[in-house]
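Heavy-atom basis, side chains included; hydrogens, waters and symmetry copies ignored. All of these numbers come straight from a predicted model, not from anything done at the bench. Within every chain, numbering begins at 1; the chains are lettered A, B, ... in the order of the sequence lines, protein sequences first and strands thereafter.
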Amino acid sequence: MARTLAMFTDVSLCIGCRACQVACKQWNQLAPEEPEWTGTYQNHHHFTDKSYRLVRFFEETDDKGQIKQWHMMSDVCKHCAQAGCLEACPTGAIYRTEYGTVNINQDICNGCRYCVSACPFGVVAFNHDTGTATKCTFCNDRIHNGLGPACAKACPTQSIKFGFRDDLAVVAKKRIDELKTLGYKDAQLYGEDSSGDLGGLNAFFLLLGKPSVYGLPEKPKLPQRNVVVDSLLSIGSALVVALGGLVAFRGRGGQGGA
Amino acid sequence: MEPGLLKSADWPALIDVYFFLGGIAGGAFVIATIANLLDGERYRDVVRIGYYIAFLAVTPGPILLTVDLGVPTRFLHMLMVSKPSLAIGMDAVTVGPFHLKPFSPMNAGAWALLGFSLFAFLAALDVFLEHRGGRSMRTLRVVVGVIGGFFAFFLAAYPGVLLGATARPLFVGAHWLGALFLAVGASTGGAAIALVLSVLGGQRGDALARLMRFTAFALIVQLAALALFVLTVSTTGSAGIARALAQLIAGSYGVPFWLGAVVIGIVVPLALQFAGVVRKTAPAITALMSLLILVGGFAVKYVIIAAGQAT
Ligand code: SF4
Ligand code: SF4
């Protein structure tokens with residue numbers, strides 16, 4: 001396996017210009033969509049089959065309901081080291097590349113939509129025209145030709161950085177220290193720790209507040225972790241039911257007392 | 001209002017129908033197998049009808065799934081692709097073009113559907129041939145019944161485990177859905193056999209009464225699993241999960257949940273059973289009770305899946 005590639009999105013540098021969102025659409029030839037009124041500058045509510053990159057806007061209000069601070073975060077598929085979508089996929093359409101990214105093979109996907117509900121970040125979207133699931137690929141065609149994703153190239157403030165994961169982790173930690181000394185005491189990394197939740201995210205973030213401020217789960221969980229426990233409980237109830245059957249159908253004939 | 005981050009697969013009710021029929025098939029098959037193991041002669045009608053129902057209920061499964069996927073050959077991708085990738089998940093096994101992913105309940109369930117269909121076909125064929133006056137192949141039937149029984153349990157339970165392995169707030173901390181779906185399979189499988197028996201009549205001796213006793217027992221397991229499901233979800237704590245649970249038991253799904261899944265599907269049939277009404281009176285009561293159980297069995301799966309997908 002080649003060195004893991006990663007994307008580091010530093011929200012402290014984001015100006016909400018959405019150049020990344022547009023660049024993504026252009027490179028991936030994603031068709032235009034009807035705008036959606038979300039109440040903020042954000043468009044759309046969710047990732048769609050035609051928006052793989054999405055700049056999220058959050059308005060933090062004070063007690064009087066006045067806007068205190070704007071938060072902007074350019075969101076993307078996290079290419080999780082332990083990916084719910086990949087584990088869920090019954091067809092093997094979702095696979096991990098030699099760079100550690102997670103892709104959906106459009107020829108294999110059968111449109112079951114299981115991955116859509118299995119992603120802890122709501123990333124995968126179903127394309128009703130092709131009947132397949134789609135999401136960000138880190139611009140698979142570009143990274144295999146040494147170009148880096150279109151969004152990172154387009155970002156005018158270098159809020160989106162792309163490179164080898166280990167290199168970016170060093171950059172990210174330095175940036176956190178810098179921000180802390182500037183007084184941003186809540187600044188924190190999200191998904192950088194590869195021994196943390198989901199084995200680390202290959203698109204990790206620098207946030208200026210708690211993950212929940214950005215609508216992110218504090219402790220994202222791999223849904224397939226439930227399979228063992230749920231299966232054991234199912235087996236337990238199967239044993240109980242089978243035992244009930246043996247008792248009900250066994251014994252002397254001729255009487256049917258309860 | 002925050003729209004939230006998560007997305008839903010938005011499976012149509014077609015999938016609920018498949019899960020419902022799969023449960024009936026699995027439950028009926030296991031009941032027929034147990035009855036056959038204990039006394040194939042005495043419970044001949046339960047065995048025969050059980051295996052027929054299992055076969056008839058599982059047969060629409062692949063068709064329903066194919067309709068949902070849109071393109072017929074796509075269903076095959078659940079089991080095989082011509083060029084499998086190497087890194088497709090934890091403990092994934094590929095043999096030639098085939099792949100098995102133990103941590104993808106949908107993949108494992110597709111295999112179970114295939115395996116169960118084979119055994120359900122063999123069992124139905126065997127009871128059919130015997131009924132037509134052919135020799136009964138006792139040993140073969142036992143082997144088919146026991147191996148098929150494992151697939152049957154799997155088929156009934158896996159949809160619950162499948163839901164539990166998503167990020168949907170109602171399901172992610174639930175844990176009891178597989179157990180619940182299994183119990184629903186047993187109760188609806190028993191009810192389906194009882195319905196046919198009481199309509200056709202002719203069952204000798206106490207077989208029907210014993211079947212109803214088993215079905216009532218399965219309903220108690222079903223009630224327990226449902227209660228544990230609600231309890232587990234309610235103690236999981238996060239705001240999103242609480243909202244999803246409220247939607248199920250008090251929100252727009254509250255009425256079908258309490259009236260359909262709990263009262264019609266569990267409480268009334270159990271009351272009938274324990275009041276002894278079923279044993280003493282006409283087969284019409286047994287038929288009614290079976291119908292209620294079937295309606296409630298569909299309701300509980302439908303309402304949980306719908307609420308989980310909506311919130
Ligand atoms: S963020 Fe979602 S879609 Fe992306 S790799 Fe992780 S689980 Fe899959
Ligand atoms: S929709 Fe496609 S990519 Fe997603 S889980 Fe199903 S087969 Fe896999």
Of the listed residues ([options]), which shares the most heavy-atom pairs with chain B below a 4.5 Å separation?
{"options": "A/Tyr95, A/Phe121, A/Phe47, A/Tyr114", "answer": "A/Tyr114"}
{"options": "A/Glu87, A/Arg56, A/Glu218, A/Arg225", "answer": "A/Glu87"}
{"options": "A/Thr91, A/Val124, A/Val116", "answer": "A/Thr91"}

Look at the aromatic rings of A/Trp70 and A/Tyr41 and report parallel, tilted or perpendicular, splitting at 30° and 60°. perpendicular
Please verify the inter-ring angle class for A/Phe138 with A/His79; under 30° counts as parallel, over 60° as perpendicular, anything in between as tilted. tilted
Is any side-chain heavy atom of A/Cys119 closer than 4.5 Å to a side-chain heavy atom of A/Lys135? no
Under 4.5 Å from any heavy atom of chain A, what part of [X] do you find: side chain, backbone, both or neither?
{"X": "B/Asp68", "answer": "both"}
{"X": "B/Ile15", "answer": "neither"}
{"X": "B/Leu211", "answer": "both"}
{"X": "B/Val81", "answer": "side chain"}
{"X": "B/His175", "answer": "both"}
{"X": "B/Phe153", "answer": "side chain"}
{"X": "B/Leu69", "answer": "both"}

Select, from [options], the one with the greatest count of heavy-atom pairs under 4.5 Å involving chain A.
{"options": "B/Gly240, B/Ser104, B/Ala186", "answer": "B/Ser104"}
{"options": "B/Pro105, B/Ala35, B/Gly70", "answer": "B/Pro105"}
{"options": "B/Gly27, B/Ala179, B/Gly89", "answer": "B/Ala179"}

Do you see a donor-acceptor pair shorter than 3.5 Å between the side chains of A/Ser74 and A/Arg53? yes
